[in-house]
Q: 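I am attaching a structure below and will ask some questions about it afterwards.
One-based numbering, in listed order, for ligands and for the atoms of each. Basis for what follows: all heavy atoms, side chains included, without hydrogens, waters or symmetry-related copies.
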Amino acid sequence: MSIIRVHDKQFEPYLTASEINARIKVLAQQLDKDYAGKKPLFIAILNGSFIFAADLFKELSIDAEICFIKLASYKGTKSSGQVITAIGLDTDLFGRDVVIVEDIVDTGKTLNEFLPQLLHQQPASMKIVALLHKPEATVYPIPIDYLGFSIPNKFVVGYGLDYDGLGRNIREIYKLLE
Ligand code: 5GP
């Protein structure tokens with residue numbers, strides 16, 4: 001692995017494909033154990049999590065369902081400012097064991113605003129699996145139940161994550177070279 005360029009910026013190697021895959025196997029084993037006999041519903045948040053969600057889901061041995069949603073944010077009419085809503089959530093969450101699949105939790109803003117909407121549907125349980133977390137960037141603390149890697153507060157691309165649309169198809173994760 002060497003330095004790569006995406007658009008106008010340079011990125012240096014950070015996590016190899018085999019490191020990512022090994023970590024995903026461990027997460028899948030934990031999920032297999034914790035959800036044995038439960039038929040959980042995985043909800044993957046697009047776009048960034050599509051590769052992680054697919055790889056994680058392939059490693060599971062338990063019966064499980066998966067659906068994909070996109071989040072849209074727009075200015076609300078109330079003082080709270082941005083409102084985040086799900087596009088494509090057509091499954092009833094009532095009584096389900098839900099597992100949210102995120103690529104990366106940065107400030108925590110997205111999940112902080114979105115999770116209450118899901119909880120409103122009264123799932124039996126709701127946990128979060130995230131591939132990456134930037135603890136130093138936390139503004140809204142989010143309990144991440146299954147975490148791939150804690151990373152420094154640097155911009156990363158690859159493995160589903162983009163820089164202005166590009167870089168999602170890179171098999172490894174690279175971080176911004178400064
Ligand atoms: P948060 O709401 O937690 O601040 O941000 C979450 C979203 O911001 C992620 O789902 C992702 O789309 C984007 N994001 C945050 N950090 C990075 C990063 O380092 N690289 C990329 N490509 N996206 C990021």
Q: Under a 4.0 Å threshold between the charged nitrogen and the carboxylate oxygen, would Asp162 count as salt-bridged to Arg168?
A: yes
Q: Quick one, Ile66 and Leu41 - any side-chain contact, counting heavy atoms below 4.5 Å?
A: no
Q: Can Tyr159 and Asn169 be counted as having a side-chain donor-acceptor contact under 3.5 angstrom?
A: no
Q: With side chain to side chain donor-acceptor pair (under 3.5 Å) as the rule and sequence neighbours excluded, what pairs involving residues 118-136 come up?
A: Asp97-Ser125
Q: Other than Ile3, which residues form its hydrophobic cluster under the rule that side-chain heavy atoms must be closer than 4.5 Å?
A: Leu177
Q: With a 4.0 angstrom cut-off on heavy atoms, strictly below it, pick out the residues next to ligand 1 and order them by chain and number.
A: Glu102, Asp103, Ile104, Val105, Asp106, Thr107, Gly108, Lys109, Thr110, Lys134, Lys154, Phe155, Val156, Leu161, Asp162
Q: Listed by chain and number, what are the salt bridge (charged side-chain N to carboxylate O under 4.0 Å, His left out) partners of Lys33, not counting sequence neighbours?
A: none
